[in-house]
Each structure stands twice: as C-alpha cells, then as structure tokens.
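Written below as structure tokens is the structure these notes are about.
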There are 2 protein chains.
Amino acid sequence: MSESTEAYLQIGEVAERTGVTQRTLRFYEEKGLLRPPSRMDGGFRLYSEDDVTRVAHIRRLQNLLGLTLAEIKEMVEAEEMLQELKAQYRPEADISEKRRQLQEAIGVVTRQLGIVSQKAEQMSEMKEQMEERLRTFERWMTELEQIERKAPVA
Amino acid sequence: MSESTEAYLQIGEVAERTGVTQRTLRFYEEKGLLRPPSRMDGGFRLYSEDDVTRVAHIRRLQNLLGLTLAEIKEMVEAEEMLQELKAQYRPEADISEKRRQLQEAIGVVTRQLGIVSQKAEQMSEMKEQMEERLRTFERWMTELEQIERKAPVA
DNA sequence: CCGAGACTTTACTTCTACGTCAAGGTTATG
DNA sequence: CATAACCTTGACGTAGAAGTAAAGTCTCGG
C-alpha cells in the first residue's frame, strides 16, 4: 500500500490512538462532531491526522469543561470556520462575507473564553479550599501524634 | 411552630434555596450523597443548614469538575469523616482509630487535590490557547478592515 | 483465491441523573 | 374540621452518551 503520501488511518487505529472506541468515532460523526471522513472503495473510513487531533480536542472539552456534545459541536464548528478562513485566505472574493464569518467566530470564541475563564477561576478557589483543608488535617495529625507520644498506646 | 431552636427546613425550602428540585434531593439521599435527614412525626423530611451547604458543594463538584455522583459520593464521605472528627475531637478515646481515619481522610483529600490541580492547570492552558486564538481572529479582522478601506464594497 | 481479521450498518441495550405523573398522607390555618 | 398547600413513596419516562450484538462486507497476506 501507499503508506507514504498522507498516511490515512482506519477507524481501529484512530480508536487506539485517541483512546475512544470505534463506536464513539462513528457516533461523533453521526452527531456532526467529526466531518464524515473519506472512504476506501470498499467503504472503510479513512481518517487523517487532523481527525485524531480533533477527537483529542473533543475529549478535552468534554472532560475539562463538561460540555455536552451539542455544545462541543458549536465549538468545533468555529474551529472549522477558522480552518476554512485560513485555507481560502488568498482568494479576495466577497470580503464582507468573510467579515461576517470572522465576526461570528470571534463571538463564539469570546463566549467560550468566558466560560473557561469563569471555570478556571472557580477551580482555583476550590483548589485553595482543598489545600487549606489538607493543611488542617495535617495539623490535626501532628497533634494526634504528639498526644500519642505522651501517652503511648497500651 | 417552634422556628427558633435550629431552624429546620422542609424539602421545598431546601430545593428553593439550593436551586435543585425536590426530586433531586430525594435522589441524592437515595444514592447516599445526603445522609437521610431527620423527619417530622408525619414523615416530612427536616433538613439542616449543613444539608444546604452540602448540596451546594455537590453541585459545584458536578459542574466544575464534571464528576459523577458516584465519585462525588466518595468525596462527600470524606467531608463526613471530617465533620465527625471535628465533632468528637474531645473524647480522647481510641486515638489510633482516629489516626487511621485521619490518615484516610488525608489520602482522599490529597487525591482530590491532585484531580483539581491537574484540571485547573489544563484549564489555564486551554484558556491561553483560546486567548491566543482570539487575538489571531482579531488581527485578521483588522487586516480585513484595512483591505476594505482600500477597496470599498462596490 | 481464500481465510482471518478489520470494518460496515442496524438495532437493541445500558447507565446516569434526574423528570413526571399518580395516589395518597400531613400540616397549618380559618 | 375542612381544605389548600405541602409532603410521601412508587413507578415509569427521558435525554445524553455511548455499549453490545448480529449479520454481512472488505482487505490483505500467504
């Protein structure tokens, strides 16, 4: 096989490399989170490295931000737009349309950034609380040990 | 009614104050996330202020960290332990047992802190990436506007 | 050209975290 | 003591995010 040009991956490999199941990959495709990949003549899906990256991204959005797949879809579509704009940045056609797209992309990212910032902040707060709690525990432990030293277990 | 001594709350009030439904409160109880509250003679649940706090805590763990209720239960049980230790800190009985409990609590909190720290860090990373992305978008927008100024829309 | 293993779609199932009645008991108040 | 407002348990339903099984198709190495 020509494993040189672009190194396409079958679903099994993508699954292995991303840590999700094949079912999940098909599911994401079905839900519009992954663009339908190209196919071999026989119908086998052929993914690109970009797809692998995207899956990783999706998972991070899920795990870190706890977004639903519907919400993630929105985010992913903004990425999509970015890619498109990047690609066809030369053809100077229809600038006002590009402006519109760009404006929307900025809106989406701004909202997302808001979410992330807020969560990040709350997270830090929580972290400090837990550190404080841990210090308390450890102080108690020290005290307990001192008591034990004075009056050892029978 | 004696609304003086401890100000117990019925499930409706707790629901209102915590922003979750009554169903959710019963559900959390069922799942062991909330200790079964005391009851009136007729069977109505009577919650304490502590319960309200705990529900808020549970919700934060859900929203911020995206933990499952099963995972949250573990965390909440550590809190429980903390409360217990705090309460019966005077009776000097069975110090080695207390030590054991304390040690376990420290372990749990340490693990939790690990999770939170990691997530917080990843969150910051993500935030920076998004800020970077946003700057890129805005730079492009500026460029587009300059182009438009030179060659206005027909 | 053939068989093992990878892949396809379709369909049904599971799990979590509740929502939504239903039918009836309790409490506070006029 | 009536009655509205509140609560009880129980049972069934649902949305999101996949898991699993079935039955058939494709690919590739030998």
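Below, read A as the first sequence line, B as the second, and so on, with proteins coming before strands; counting in each chain starts at 1. Just so you know, these numbers come straight off a predicted model, no measurement behind them. Both backbone and side-chain heavy atoms feed into the values below; hydrogens, waters and symmetry mates do not.
Nearest-nucleotide assignment on DNA chain C puts the 5′-proximal partner with E30(A), out of G42(B) and E30(A).
Straight-line distance from the CE atom of M40(B) to the P atom of dG25(C): 18 Å, rounded to whole Å. dC28(D) atom C1' lies 15 Å from atom CG of D41(A), rounded to whole Å. Protein atom CD1 of I58(B) is 12 Å distant from nucleotide atom P of dA17(C), rounded to whole Å. Rounded to whole angstrom, the span from the CG atom of L25(B) across to the P atom of dC18(C) amounts to 10 Å. The separation between L46(A) atom CG and dC26(D) atom P is 15 Å, rounded to whole Å. Following rounding to the nearest Å, L9(B) (CG) and dC7(D) (C1') show an atom-to-atom distance of 15 Å. In this structure, the CZ atom of R26(B) is 13 Å from the P atom of dC6(D), given to the nearest Å.
When hydrophobic clusters are built by joining Ile, Leu, Val, Met, Phe, Trp and Tyr residues whose side-chain heavy atoms come closer than 4.5 Å, directly or via intermediates, I115(A) is not grouped with L65(B).
The pair R100(A)-E104(A) meets the salt-bridge criterion, with a side-chain N (NZ, NE, NH1 or NH2) lying under 4.0 Å from an Asp/Glu carboxylate O. Note on R111(A) versus E71(A): no salt bridge recorded, every NZ/NE/NH1/NH2 to OD/OE distance being 4.0 Å or above.
Every residue two or more places apart in sequence or in another chain was checked for a side chain to side chain contact (heavy atoms under 4.5 Å, CB included) with E16(A), and none qualifies. For E125(B), the side chain to side chain contact (heavy atoms under 4.5 Å, CB included) test picks out no residue, with sequence neighbours left out. With sequence neighbours left out, the side chain to side chain contact (heavy atoms under 4.5 Å, CB included) criterion links F137(A) to R133(A), L82(B), L102(B), A105(B), I106(B), V109(B).
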Polar atom pairs between nucleotides 2-6 of chain C and protein, under 3.5 Å, N or O only, would you list them?
from   : atom 1 : to     : atom 2 : distance (Å)
dA6(C) : O3'    : Q10(A) : NE2    : 3.3

Pairs under 3.5 angstrom, nitrogen or oxygen only, protein versus nucleotides 17-20 of chain D, please.
from    : atom 1 : to     : atom 2 : distance (Å)
dA17(D) : OP1    : L69(A) : N      : 2.8
dA17(D) : OP2    : L69(A) : N      : 3.4
dA18(D) : OP1    : R59(A) : NH2    : 2.9
dA18(D) : OP2    : Y28(A) : OH     : 2.9
dA18(D) : OP2    : Q62(A) : NE2    : 3.0
dG19(D) : OP2    : T21(A) : OG1    : 2.6
dG19(D) : OP2    : T24(A) : OG1    : 3.2
dG19(D) : N7     : R23(A) : NE     : 3.4
dG19(D) : O6     : R23(A) : NH2    : 3.2
dT20(D) : O4     : R23(A) : NE     : 3.2

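Dashed line: the shortest gap from a side-chain N or O of R45(A) to OP1 or OP2 of dC7(C) is not under 4.0 Å.
Closest to the R39(A) side chain, of the nucleotides dC28(D), dT9(D), dT8(C), is dT8(C).
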Output a table of donor-acceptor pairs, distance under 3.5 Å, between side-chain atoms of residues 36-47 of chain B and any protein atom two or more places apart or on a different chain; print 'none' if there are none.
from   : atom 1 : to     : atom 2 : distance (Å)
S38(B) : OG     : L46(B) : O      : 3.1
R39(B) : NH1    : G43(B) : O      : 2.8
R45(B) : NE     : E29(B) : OE1    : 2.7

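Side chains of D51(A) and S48(A): a donor-acceptor N/O pair is present below 3.5 angstrom, by distance only. A donor-acceptor pair shorter than 3.5 Å can be found between the side chains of R59(B) and Q62(B).
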